[in-house]
**Q** 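Shown below is the structure under consideration.
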Protein chains: 2
Amino acid sequence: MKRGIDQPPPLGGVGPPDDETAVDGPLHDRVYRQLRHALVTGRIVPGRAVTLRGLAQQLGVSPMPVREAIRRVSAEGGLVVGANRRVWVPAMDGERYDELIRARTLLEPEAAVRALPHIDRERLDRLRDIDDSIDVALERGDVEAYMAGNHRFHFEIYAANPSRVLVPLIESLWLQFGPFMRSVYGRLGTAALVDHHVVALDAIIARDAEALAAAIRADILEGMELIASTVLAAGPVGDEEVDRRRA
Amino acid sequence: MKRGIDQPPPLGGVGPPDDETAVDGPLHDRVYRQLRHALVTGRIVPGRAVTLRGLAQQLGVSPMPVREAIRRVSAEGGLVVGANRRVWVPAMDGERYDELIRARTLLEPEAAVRALPHIDRERLDRLRDIDDSIDVALERGDVEAYMAGNHRFHFEIYAANPSRVLVPLIESLWLQFGPFMRSVYGRLGTAALVDHHVVALDAIIARDAEALAAAIRADILEGMELIASTVLAAGPVGDEEVDRRRA
DNA sequence: TCGGCGAAATTGTGATCACATTGATCCGAA
DNA sequence: TTCGGATCAATGTGATCACAATTTCGCCGA
């Protein structure tokens with residue numbers, strides 16, 4: 001006879017370390033990277049609760065590093081702490097979504113333009129490879145691979161310039177819309193997605209800053225605005241479980 | 001014969017709770033608010049180390065809530081964790097400063113414009129009161145009161161619109177330049193500061209979104225660019241102690 | 001069936017401890 | 001004098017515990 005709160009299903013995808021997130025350093029750093037990766041790629045969907053002991057058990061660590069990781073991720077907007085002190089992936093509604101789009105269109109073209117002079121041939125080759133892998137993911141209908149590739153493509157550009165302000169801001173935005181985009185793509189399928197990155201690649205090759213900014217802006221708008229507004233017209237996403245759990 | 005690392009002087013200003021930061025809720029929340037307030041108002045200067053036990057002792061709490069608060073503040077860019085795991089207030093250099101200015105000029109006019117329709121008479125009165133208090137602080141040469149008032153003025157505007165994306169981003173920016181601006185103002189004195197807020201107030205009264213955006217932008221540029229570039233021309237600020245302490 | 005109450009389970013929080021790591025100092029050898 | 005090694009103190013980290021707060025569930029009565 002089980003008493004107490006329903007156990008949420010395991011947080012699919014926040015799992016054992018893989019090559020990308022398991023490097024030396026404190027355990028809480030590793031947990032943080034795993035958690036943020038799971039959010040960016042949408043492995044955790046809006047409305048989902050995250051508990052210290054649940055995540056700790058899943059990752060095979062004590063609750064301490066999980067606490068610290070959750071504190072970091074929530075400071076960046078990827079998780080919210082309710083009045084009841086419970087932690088969950090925030091729901092997405094029209095206003096918040098609109099702000100995310102706006103923030104992205106303000107910040108990401110700027111970061112791309114600042115990075116442009118620093119994009120060398122090696123980085124350009126890597127961008128091409130990532131773009132190819134995105135195309136493969138789209139053909140396969142692999143939403144998660146698409147999202148991971150999309151993230152990598154953008155940040156491969158921005159990271160060309162060692163930024164300590166703009167890029168962390170942008171990273172925090174990606175944390176915030178990743179879970180929702182995953183649920184959107186899951187509903188609509190990858191067939192609805194179009195890979196606009198070739199325009200950005202052309203602009204980079206041409207060293208055309210204005211064209212690059214416009215390509216990034218268009219990528220954001222076309223990638224986020226037309227698709228997800230359809231879903232949000234039906235009301236916030238992720239509120240069902242949140243409402244149930246909120247004090 | 002004292003062994004070990006030099007004890008940094010007490011973190012002036014991160015002190016007992018005052019009315020603004022002492023509300024109900026978890027202790028780590030209170031420590032966080034105290035810490036961020038200290039950074040925004042420049043009570044801690046660039047390069048300054050922050051230790052768990054040091055801050056815990058100063059605040060009369062255990063290191064646990066301090067850990068969580070430091071983790072939050074560092075996630076927002078207000079503190080940096082070095083390769084040696086030590087925590088300190090980051091140094092300011094020309095590139096980082098330029099990015100902060102740019103990020104502010106991208107985000108704050110947007111937040112102000114979005115807030116404009118929501119600014120009622122009460123909030124306008126509060127803005128006037130804050131602006132008056134800023135003028136008083138400038139006359140008195142009270143740098144900290146000036147900084148606190150300036151922060152309050154800006155966020156009293158932006159908070160008119162319930163924002164969950166733009167305003168937290170802007171808050172994280174203020175965390176990042178607060179300590180440096182304090183050292184700048186300390187060197188130049190308040191006589192070098194001009195209160196431009198009346199232009200923003202006029203734009204709000206006139207309900208002129210474009211004028212408001214321009215006023216905020218001008219406030220940022222004139223407040224940050226001309227003054228601090230003079231100081232930064234001499235090299236990064238806050239690196240002396242950082243260099244000494246870095247592994 | 002619904003609502004209220006009480007008990008049990010779960011959850012986050014703060015305290016504390018031990019330990020690994022880092023930094024500073026001292027001492028001896030070259 | 002300089003350099004390297006040993007020692008000690010300080011620091012961050014992860015583990016664990018007890019406790020307060022919140023949630024869940026079962027029972028009972030209307």
Side-chain angles (χ1 to χ4, degrees), chain A residues 1-11 17 23-35 47-75 79-88 241-247, chain B residues 1-11 17 23-34 48-75 79-88 241-247:
Chain A
M1 184 65 74
K2 185 91 170 270
R3 300 295 301 273
I5 195 170
D6 285 348
Q7 284 293 341
L11 295 165
V23 293
D24 285 344
L27 201 49
H28 65 76
D29 223 38
R30 198 193 82 198
V31 174
Y32 166 73
R33 287 195 301 275
Q34 284 174 300
L35 191 49
R48 179 58 182 268
V50 178
T51 66
L52 293 178
R53 292 178 176 99
L55 189 53
Q57 186 181 37
Q58 197 168 336
L59 299 181
V61 299
S62 85
M64 260 321 305
V66 171
R67 278 168 78 165
E68 308 215 55
I70 283 177
R71 204 61 69 201
R72 284 174 72 178
V73 171
S74 66
L79 295 171
V80 292
V81 183
N84 61 359
R85 303 191 311 186
R86 299 303 155 95
V87 178
W88 77 97
E241 193 164 350
V242 174
D243 281 340
R244 187 171 66 92
R245 289 170 181 271
R246 204 181 304 216
Chain B
M1 183 66 72
K2 184 89 171 273
R3 299 295 301 275
I5 196 170
D6 287 348
Q7 284 293 338
L11 296 164
V23 292
D24 285 342
L27 201 48
H28 65 76
D29 223 40
R30 198 193 81 196
V31 175
Y32 166 73
R33 286 194 301 272
Q34 284 174 299
R48 180 56 182 267
V50 179
T51 66
L52 293 179
R53 294 178 175 101
L55 189 53
Q57 185 180 39
Q58 197 166 338
L59 298 181
V61 298
S62 84
M64 259 324 301
V66 171
R67 279 169 76 167
E68 309 215 48
I70 283 177
R71 203 63 68 201
R72 286 174 73 177
V73 171
S74 66
L79 296 170
V80 293
V81 183
N84 62 358
R85 305 188 312 188
R86 300 303 154 95
V87 179
W88 77 95
E241 194 164 349
V242 173
D243 281 339
R244 186 169 68 89
R245 290 169 181 270
R246 206 182 302 217

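Any value given below was found using the heavy atoms of this structure, including those in side chains, with hydrogens, waters and symmetry copies removed. Residue numbers start from 1 in every chain, and the chains themselves are labelled A, B, ... in the order their sequence lines are given, proteins ahead of strands.
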**Q** From CG of A/L59 over to P of D/dG14, roughly how many Å is that when rounded to an integer?
**A**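 Those two atoms, CG and P, are 13 Å apart.
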
**Q** If you take all heavy atoms of B/P26 and A/R85, which pair is closest and at what distance?
**A**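 Smallest heavy-atom distance, with atoms named: CG-CD, 4.2 Å.
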
**Q** Between P on D/dG12 and CG on B/L55, what's the gap in Å once rounded to a whole number?
**A**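 My rounded result for the distance is 10 Å.
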
**Q** Just the rounded figure in Å: distance from P of C/dT21 to CZ of B/R86.
**A**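 Atom CZ in B/R86 sits about 13 Å away from atom P in C/dT21.
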
**Q** Give me the atom names and distance for the closest heavy-atom approach of B/W88 to B/V81.
**A**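 Taking every non-hydrogen atom into account, CZ3-C, 4.5 Å.
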
**Q** Closest to the B/L27 side chain: C/dA15, D/dG12, D/dT13?
**A**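 Of all the options, the side chain of B/L27 is nearest to C/dA15.
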
**Q** Given D/dT13, is OP1 or OP2 found less than 4.0 Å from the side-chain N or O atoms of B/R71?
**A**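 Yes, within the criterion.
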
**Q** Mapping A/E68 and A/R85 onto DNA chain D by nearest heavy atom, which one lands closer to the 5' end?
**A**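 Residue closer to the 5' terminus by nearest nucleotide: A/E68.
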
**Q** Measure the distance from CG on B/D29 to P on C/dG12 and round it to the nearest whole Å.
**A**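 B/D29 atom CG is separated from C/dG12 atom P by 15 Å.
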
**Q** Heavy-atom distance under 4.5 Å between the side chains of A/D29 and A/R72, does that happen here?
**A**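 A side-chain contact exists here, since the closest heavy-atom pair is under 4.5 Å.
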
**Q** Test A/H28 against every option in A/M64, A/E68, A/R71 by the side chain to side chain contact (heavy atoms under 4.5 Å, CB included) rule and name the one that passes.
**A**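 Only one option passes, and that is A/E68.
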
**Q** Which atoms form the tightest heavy-atom contact between A/V61 and A/R30, and what is the distance?
**A**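 Reported closest heavy-atom pair: CG1-NH2, 4.0 Å.
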
**Q** Grab the CD-C1' distance between A/Q57 and C/dA9 for me, whole Å please.
**A**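 A/Q57 atom CD is separated from C/dA9 atom C1' by 15 Å.
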
**Q** Indicate the atoms forming the closest heavy-atom contact of B/L52 with B/V66, along with that distance.
**A**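 Shortest heavy-atom separation between B/L52 and B/V66 comes out as O-CG1, 3.7 Å.
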
**Q** Enumerate the protein-to-nucleotides 16-18 of chain D contacts in which both atoms are nitrogen or oxygen and the separation is below 3.5 Å.
**A**
none

**Q** Below 4.0 angstrom from OP1 or OP2 of D/dG12, is there any side-chain N or O of B/N84?
**A**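 Looking at the OP1 and OP2 atoms of D/dG12, neither is under 4.0 Å from any side-chain N or O of B/N84.
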
**Q** Expressed in angstrom and rounded to an integer, what is the separation of A/H28 atom NE2 from D/dA15 atom C1'?
**A**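 Between C1' of D/dA15 and NE2 of A/H28: 14 Å.
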
